Amino acid sequence: MKRKYLSMAIGGILLAPAAFVQAQEQQPAAGTQATQLDEVTVTARRRSESIQDVPVAVSAFGEEQIKDLQASTVEGLQGAVPNMNIAQGRGSANSVNVFIRGIGQPDALQTFDPGVGMYVDDVYYSRINGALFSLFDIQQLEVLRGPQGTLYGKNSTGGAIKLTTKNPFDNEGGAVEVTAGDYGRLEGRFYVSGKLSDTLAGSIAGAKITNDGYVKDAVSGKRYNDDDTEAFRAKLAYQPTDNFSAVLSLDTTKQDAALTLGRPMAPLLQTSLAPAGVIVLQPGETGEWNRRAQTSFQNGEGQYLKHSGASLSMNWDINEQFTLKSISSYRKLKTESYIDIDASEYELGDVLVALDQNQKSQEFQLHYDNGSNLHATFGAYYMKENVPSYQEAYADDLFSFLGAKVPFLRTIDDDLTTTSTAAFAHVNWEFVPTWTVAAGVRWTKDKKDYDRSTSTFWGAPFASLNGTVAFDAKASWTAVTPSISLQKEFSDNLMGYVSANRGFKSGGFNGRANTVYDTEHAKFDPEYVWTYELGLKGSSADHRFRGSATAFYSNYSDFQARVSQDVGTFPVLNAAKLNIKGIELEGSALLGESTTLSAQLGWMDAKYDSFEDFRLDPSYAGYDPTVNHDHVPFSPDVTARVALQHVFSLGDNGNLTFGGDVSYRSETWLSVDNRKVLSQDAYTLLGAYGVWDSSQLTWQVRAGVRNLTDKQYKTEGQEFASVGNIQTAYYGLPRNWYVSVRYNF
């Protein structure tokens, strides 16, 4: 098996001259023929640079490339970036779960920090809730792989996803687009931008996204896993002089969806208190899923989100060498989500999770450029986040006594306040011609205050067990995380680099501490990772071929693992040390004058060096031999994609483009405990699309189909085996088609 993967990697390296750093190129204007690939510019190092000159593993997508991915939300990046796993969060219509190179956030609870940073216009989004962004006014999207910190507001261990929205000065005009498809899909988007004066420009953008849902109640016929989202953004750009500019941005997103239902993969169990024993309520499902489900929620419960914010970005060119940038932001997130964790008509693990989060942040950057061989960035960052939440857990079917159900309710009030301060510096120095060294360092201090109250309500005859467990705690952690790279320009079209970067993710407190024992062991420590990279980026002299190859090795320690112990007990362990190594290849080639071929390949070997899990001790009363840690979750060995696009010129009648892609993902494990029913075998997905553009690019008609072969595949899992043996899987979209019409003005 290893020999097969090695052969694939060697084959990919041999094809590296045709590899690209991830930007399927924009098609030529009607009636013209392309002679070379367009240059791709990124801001991975907080300034505009050619993607070929950046000693960072980064993938970039423009507006048209996102459309060619057939992506409506950021989840559509799945398959398009090597060694990245991105999916809608478990049981939630409004959250996203991201792993890059085996590092992410295994538990969706708000007391865990993301392993991958999400940024919109350089503003950090601290929660995975509200991060399933609808891509309606995006100028560019970048995915940075590996630890980020010496150039970014918030430290992250796995990488960063950067979304940049359109600037009013640079995008005068606008567009209106309507999309319709099966499953009741209906979407509308618009963007309008223009100058209000010589020094002032503004834009407004909006989207309304709906579909009826892909899952149906087997009895009532009600549909689930739907969407009903409204998003709006307004920007005002001010540029009174050549050396000062400011952009004010206001945005809001509302979502009101039905439940997101999965599929129970293991037998659902009821605990009989007397006589003692276990009752099987429902066997685990096997075989193909007919996308039918049932739920104990029968009163219209759903999932609601409102996410709003404001940011002000200001740039001063102090003189020819120094530029000062300020990024101020305030965000507010409110969610009320009912989640049927067991995905059945039984009330075993049904919950309400309601958040009322707010965050404010301030970042300053001072850039120095001597105009030739030295560039430096100095920064300071401050963020304060408050996340009060209210939760209810319903489990009237979890226990029985003498053949009768025992009602059970748990309510939770908690409040987490996080204060993060940091200072960072990064210097880029071409010390001799063609040789550049870059070094950075970041100092971070994260402080967390947490208080929690858990009340349990039993029905007869166990009402005497009712009670409340409460605690409050505070802690702070500091870390110094350096980075260094050495870059060599072998020629005008070929460069190589080596780098080392350290990442840090803050510790915290267990947001599932429901017992006195849990509260006494609620604190968990930070995670750390060292990642070492060797990279090569190049293009042909005629710029018709472009590619990159990256090899990496990561030492990852103190992995924060939430496990399932006894009934209602979920400790968080700094359980594991990992080593993760891999290869990433990306490339594109312009074949002839009208055909573009692009490809990505990721190979990764993620292994635990150790995993300290008391549940695997045979002397432990709750010893569970079904648990193992042979596989790192959300870390498939191989991810690959090939895309082909061809443009037919229709002369005065415009262009006709046909494209398609095939993506592959090897076996993926969806839970820390490696439950076999929460794994997904290797699978392949196909997509295809066609586009007509009018001669002046005023009109565009696009039609496409995703998951052409209607492949069933799991993307996420709920693992709460100590509560009714809950092991629930969530699936990707079935085959679906759409048609969109766009008018540009």
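Note: hydrogens, waters and symmetry copies are ignored here, and every other heavy atom, side chains too, is used. Since this is a predicted model, take the numbers as computed values, not measurements.
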Test item: side-chain donor near acceptor, Tyr556 and Asp558, under 3.5 Å | no
Does a donor on one side chain and an acceptor on the other come within less than 3.5 Å for Gln357 and Glu385?
-> yes
Please check if any side-chain donor atom of Ser59 sits under 3.5 Å from a side-chain acceptor atom of Glu586, or the reverse.
-> yes
Examine the side chains of Ser554 and Thr531 and answer whether a donor and an acceptor come within less than 3.5 Å of each other.
-> yes
Apply side-chain hydrogen bond (donor to acceptor under 3.5 Å, both in side chains) to Gln712 and Tyr731, showing your working.
-> CA-CA 7 Å; Gln712 283 199 9; Tyr731 284 73; 5.0 Å; no
Just do the side-chain contact (heavy atoms from CB on, under 4.5 Å) check on Ile161 and Tyr119 with the steps written out, would you?
-> CA-CA 6 Å; Ile161 297 178; Tyr119 294 83; over 6 Å; no
Judged by modelled atom types alone, do Thr626 and Arg675 share a side-chain donor-acceptor pair under 3.5 Å?
-> yes
Between Tyr620 and Tyr623, does the ring centre distance come in under 6.0 Å?
-> no
Would you check if there is a donor-acceptor pair between the side chains of His629 and Asp613 at a distance under 3.5 Å?
-> yes
Tell me whether the centres of the aromatic rings in His631 and Tyr608 are closer together than 6.0 Å.
-> no
Judged by modelled atom types alone, do Gln78 and Arg665 share a side-chain donor-acceptor pair under 3.5 Å?
-> yes
Could you list all the side chain to side chain donor-acceptor pair (under 3.5 Å) pairs where at least one residue sits in residues 95-104, not counting sequence neighbours?
-> Ser92-Ser95, Asn97-Glu716, Arg101-Glu533, Arg101-Glu584
Can Thr157 and Glu527 be counted as having a side-chain donor-acceptor contact under 3.5 angstrom?
-> no
Step-by-step ring-ring contact (aromatic ring centres under 6.0 Å, His included) determination, Phe524 to Phe559 = CA-CA 10 Å; Phe524 54 87; Phe559 169 55; over 10 Å; no
Quiz item: cation-pi between Arg562 and Phe720, 6.0 Å / 45° = yes
Would you please name every residue forming a side-chain hydrogen bond (donor to acceptor under 3.5 Å, both in side chains) with Asp661, sequence neighbours left out?
-> Arg641
Lys714: what forms a side-chain hydrogen bond (donor to acceptor under 3.5 Å, both in side chains) with it, not counting sequence neighbours?
-> none
Any donor-acceptor N or O pair under 3.5 Å, side chains Tyr450, Asp414 | yes
Is there a donor-acceptor contact under 3.5 Å linking the side chains of Asn225 and Thr260?
-> no
After noting the C-alpha distance and the side-chain angles of Ser389 and Gln391, does the key distance pass the side-chain hydrogen bond (donor to acceptor under 3.5 Å, both in side chains) rule?
-> CA-CA 7 Å; Ser389 81; Gln391 303 168 46; 3.3 Å; yes
How about Asn155 and Thr481: does a side-chain donor come under 3.5 Å of a side-chain acceptor?
-> yes
